[in-house]
Amino acid sequence: MTSHEQEVRAAVASARRVVVKVGSSSLASARGGIDDEALTDLVDTLAALVKSGREVVLVTSGAIAAGCEPLGLARRPVDLAQQQAAAAVGQGLLIARYTQAFARHGLTVAQVLLTVGDIARRTSYANALRTFGALTRLGVVPIVNENDTVATREIHFGDNDRLAALVAELVRARGLVLLSDVDALYTARPDAPGAEPISFVPKLADLSADIDQTGTSGVGSGGMVSKIEAAGLATAAGIPVILTSCAQVGRALAGEPVGTAFAASSRRRPRRLLWLADASETQGRLHVDAGAVKALTTTAASLLAAGITGVDGQFDTGDPVEIVGPDGRVVARGLVGFSSHELPGQLGSRFGHEVVHRDDLILTRKGHQ
C-alpha cells in the first residue's frame, strides 16, 4: 500500500463526519425480506462509531426489497407502480428495524426521505441542510432513503449511490463509504478469469476497468457504474471514498486495506458551488460565442452579455443556468444575474456588465450534449 493510499484510508478512518451508503443487495432479498443479521451487524458497527464521538449519516436502500416479501413477490418488480407499492409497504418495515437496532445502543434515529430532485432546488436543499444540522446536534442518527413511493428516475437508475454522494456534499462529510455485495472494484467482472481487485484509484480519469459490473441478488437497482459516478462526485468535492462490502464496513472505517479507496481532490469548493455543479436543476441555457468560451475556460473571467448569442428557457435573477458553447456542449453552470426577459439585447447601458459573475460560476468536468 502506497503512502498516498494510506493517507486516503486514514482520512476516512479519522473523519469526524462520515456518510455510509448500503445497498438493497446487502440488506435484503425479495424472497426473504430484510436480513436481520446483516442489518444488526451494520448497526452495531455504526453505533460504535457514534459512541466514539463521530457523526454518521446512513443512506440506505432496501424499502422495495423489504416490501416484496409481505406482498408475496419473489423478485423485485419491473413495473413502476408495483415498485412504488412495494416501497410504500417496505419503508415502514425498514425504518422500524433500524429504530429497534439502534435503540439497543441507546441511540435515536430519524428517517429522512429524499429524492435527487429534492436537493436540486435551492429552497429544499437549504431546508435539508438545516434538518441534518439539527439532527446531528441532537445526537440523532439520520437515516436517508430515497422516497421511492414518488420517485421515478431514481428507482430505474440506481441513483441512491448518487444521492449518497450528494448528501455527503450537503453535510460536508469527510468520508463516504459505499457498501455493496461486491467487496471491491475489479478490473473486470469479479467472476471473470483474470479479474483482479483494485485497491486504490488516485484519479478516476485514469481508471482502467470494466465497470459494467452488477450484483446477483435481484433486488438492487444500481451497479458498479452508479458507484463509480458517485465516487466521482464525492472525490471532486474533496471527499475520499471507500467502496467495499457490507461485511467489511468496520475494517473500512478503521482505515484497514479493504475494498477500493478513491483519492479526493485537494480542493473543497464552497457548498453553493457544489450544489450548482452536482445537484442544481437548471432553469435555462445561455448560448455563448467562441470568445466567451475561451475566456471562461482559460481565464478567471465572468460571463458578459456581449458574449451571449441566444437564450433558452424561462428564468429569474439568481436561477441556475447552463452556459453552452457554439458546438452545443455545456461548458459551465452559473447563477444568472438577469432574468430571461432581459437577455439578450435588452440590457441597454448594462450590455457590458456581468451576466454571470465568476464567483457564481463553475466549469463542467466534461462537456456534454
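The basis for the numbers below is simple: all heavy atoms, side chains too, and nothing from hydrogens, waters or symmetry mates.
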Using every non-hydrogen atom in the two residues, find where [X] and [Y] come nearest and quote the distance to one decimal.
X	Y	answer
His4	Ala263	NE2-CB, 3.9 Å
Cys68	Arg75	SG-O, 4.0 Å
Ala65	Ser24	CB-CB, 4.5 Å
Ala15	Gly175	CB-N, 4.0 Å
Ala195	Arg189	CB-O, 3.2 Å
Ile143	Phe102	CD1-CE1, 4.1 Å

State whether the side chain of [X] and the backbone N or O of [Y] hold a donor-acceptor pair below 3.5 Å, judged by distance alone.
X	Y	answer
Thr235	Ser265	no
Ser61	Gly23	no
Arg174	Arg17	no
Arg54	Ala13	yes
Thr282	Gly284	no
Gln283	Pro320	no
Arg285	Asp312	no
Lys51	His105	yes

Same hydrophobic cluster for [X] and [Y], using side-chain heavy-atom links shorter than 4.5 Å among ILVMFWY?
X	Y	answer
Val8	Leu178	no
Val22	Val258	no
Val177	Phe200	no
Val19	Leu163	yes
Leu71	Leu93	yes

Exercise for review: Just jot down the side chain to side chain donor-acceptor pair (under 3.5 Å) partners of Asp360, sequence neighbours excluded, or say none.
Suggested key: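 Arg272.
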Exercise for review: Check the pair Asp289 / Thr309 against side-chain hydrogen bond (donor to acceptor under 3.5 Å, both in side chains), numbers first and verdict last.
Suggested key: CA-CA 6 Å; Asp289 58 29; Thr309 61; over 6 Å; no
Considering only heavy atoms from C-beta outward, does the side chain of [X] approach that of [Y] to under 4.5 Å?
X	Y	result
Val43	Arg104	no
Glu5	Ser199	yes
Leu176	Pro240	no
Val356	Leu335	no
Leu27	Tyr98	yes
Met224	Leu243	yes
Leu166	Leu114	no
Val112	Asn145	no

Check your understanding: How about Arg16: does its CZ atom have over 12 heavy atoms from other parts shown lying under 6.0 Å from it?
Key ->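 No.
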Check your understanding: Just checking, any donor-acceptor pair under 3.5 angstrom between side chains of Asp316 and Ser339?
Key ->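 Ser339 and Asp316 do not have a side-chain donor-acceptor pair below 3.5 Å.
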Check your understanding: Regarding Ser245 and Asp183, is there a side-chain donor-to-acceptor distance under 3.5 Å anywhere?
Key ->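 No - no donor-acceptor pair under 3.5 Å links their side chains.
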Check your understanding: So among Val241, Leu204, Thr260, which one has a side chain to side chain contact (heavy atoms under 4.5 Å, CB included) with Ile228?
Key ->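 Only match with Ile228 under side chain to side chain contact (heavy atoms under 4.5 Å, CB included): Leu204.
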Practice item. In sequence, state the C-alpha distance, the side-chain angles, and the governing distance for Lys21 and Asp161, and then conclude on side chain to side chain contact (heavy atoms under 4.5 Å, CB included). Key: CA-CA 7 Å; Lys21 183 265 176 179; Asp161 294 307; 2.8 Å; yes
Just verifying a value: how many Å separate [X] [atom1] and [Y] [atom2], rounded to the nearest 0.5 Å?
X	Y	atom1	atom2	value
Ile308	His287	CD1	NE2	11.0 Å
Thr60	Glu146	OG1	CD	10.0 Å
Leu185	Thr244	CG	OG1	11.5 Å
Leu39	Leu94	CG	CG	7.0 Å
Ser26	Leu42	OG	CG	8.5 Å
Glu55	Arg172	CD	CZ	14.0 Å

Exercise for review: Please assess Val18 against Leu253 for the test side chain to side chain contact (heavy atoms under 4.5 Å, CB included), listing each intermediate value before the final yes or no.
Suggested key: CA-CA 9 Å; Val18 63; Leu253 290 166; 4.1 Å; yes
Exercise for review: Evaluate side chain to side chain contact (heavy atoms under 4.5 Å, CB included) for Thr40 paired with Asp44, printing each intermediate quantity in order.
Suggested key: CA-CA 6 Å; Thr40 299; Asp44 288 348; 3.8 Å; yes
Check your understanding: Can you check side chain to side chain contact (heavy atoms under 4.5 Å, CB included) on Leu58 and Val144, steps first, answer last?
Key -> CA-CA 6 Å; Leu58 176 61; Val144 183; over 6 Å; no
